[in-house]
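Report on the structure given below.
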Amino acid sequence: MLMHLPIVILTALPVSPVADNVPKFDIARECSLEGGTGANQDHCKDDENQALQQVHKQWSQFTAGDRQRCLSETTMDGTGSYVEYLTCLEMARDARNAQGESGNSQTVGKSRK
């Protein structure tokens, strides 16, 4: 009877969608919407591909909540940009890290009276 308890507990937990994988954006479409010369579009594609590589490298540093929020913000206009997505993720991560550091520094050096 107790063997089934973990199964019952797990099935009772709410399921929420989590961005577990790097999203797939259409780089060619994004860069064509940017317009400009062929050279500008090639530069755009290079930037997008570099940002995609960075997202893959840093993926574990971002929280699921930030991944989902940044995905929503980045695709709000119907397209997706890895440059914008990476920027959003890095800003969220850095802000969280800065808050953690400032929270720790506020208690360091305080003496009890």
Side-chain angles (χ1 to χ4, degrees):
M1 181 74 173
L2 291 177
M3 291 177 18
H4 293 78
L5 187 58
I7 295 170
V8 171
I9 292 172
L10 287 175
T11 58
L13 294 174
V15 178
S16 59
V18 176
D20 288 334
N21 299 314
V22 174
K24 293 179 178 23
F25 298 144
D26 187 346
I27 292 173
R29 180 174 178 234
E30 171 67 19
C31 291
S32 70
L33 293 173
E34 295 286 322
T37 65
N40 287 347
Q41 290 188 21
D42 289 343
H43 184 56
C44 172
K45 290 174 188 173
D46 289 342
D47 288 347
E48 289 292 325
N49 282 312
Q50 287 177 8
L52 173 58
Q53 291 174 3
Q54 286 300 110
V55 169
H56 278 289
K57 286 180 188 175
Q58 298 177 27
W59 190 248
S60 63
Q61 298 174 18
F62 309 125
T63 66
D66 288 342
R67 293 172 188 167
Q68 188 61 45
R69 184 180 53 76
C70 288
L71 179 62
S72 295
E73 289 178 12
T74 303
T75 58
M76 197 178 302
D77 65 353
T79 65
S81 165
Y82 289 110
V83 172
E84 291 175 14
Y85 189 58
L86 177 62
T87 301
C88 178
L89 290 170
E90 288 176 335
M91 287 173 44
R93 179 201 57 205
D94 294 348
R96 186 175 353 318
N97 290 343
Q99 287 176 347
E101 289 172 8
S102 67
N104 291 337
S105 66
Q106 291 175 356
T107 57
V108 174
K110 288 188 176 180
S111 60
R112 292 186 174 175
K113 293 183 180 182

One should read off an interatomic distance between M91 CE and L86 CG, to the nearest 0.5 angstrom, of 11.5 Å
Quick one: CD on Q61 to CG on D94, what's the gap to the nearest 0.5 Å?
9.0 Å
With D26, which residues qualify under side chain to side chain contact (heavy atoms under 4.5 Å, CB included), at least two apart?
A28, R29
Here the pair of heavy atoms bringing W59 nearest to R67 is O-NH2, 2.7 Å
With sequence neighbours left out, which residue pairs that include part of residues 70-82 fulfil the side-chain hydrogen bond (donor to acceptor under 3.5 Å, both in side chains) condition?
E30-T79, E48-S81, R69-E73, D77-T79
Separation of D47 CG from E34 CD (nearest 0.5 Å):
10.0 Å
Would you list the pairs meeting disulfide bond (SG atoms under 2.5 Å apart) in which at least one residue belongs to residues 25-58, sequence neighbours left out?
C31-C44
Check: F25 and L71 side chains under 4.5 Å, non-hydrogen atoms:
yes
According to side chain to side chain contact (heavy atoms under 4.5 Å, CB included), who are the partners of S32, at least two apart in sequence or on a separate chain?
Q41
Would you please name every residue forming a side chain to side chain contact (heavy atoms under 4.5 Å, CB included) with T37, sequence neighbours left out?
A39, N40
Not counting sequence neighbours, which residues clear side-chain hydrogen bond (donor to acceptor under 3.5 Å, both in side chains) with Q50? List them please.
none
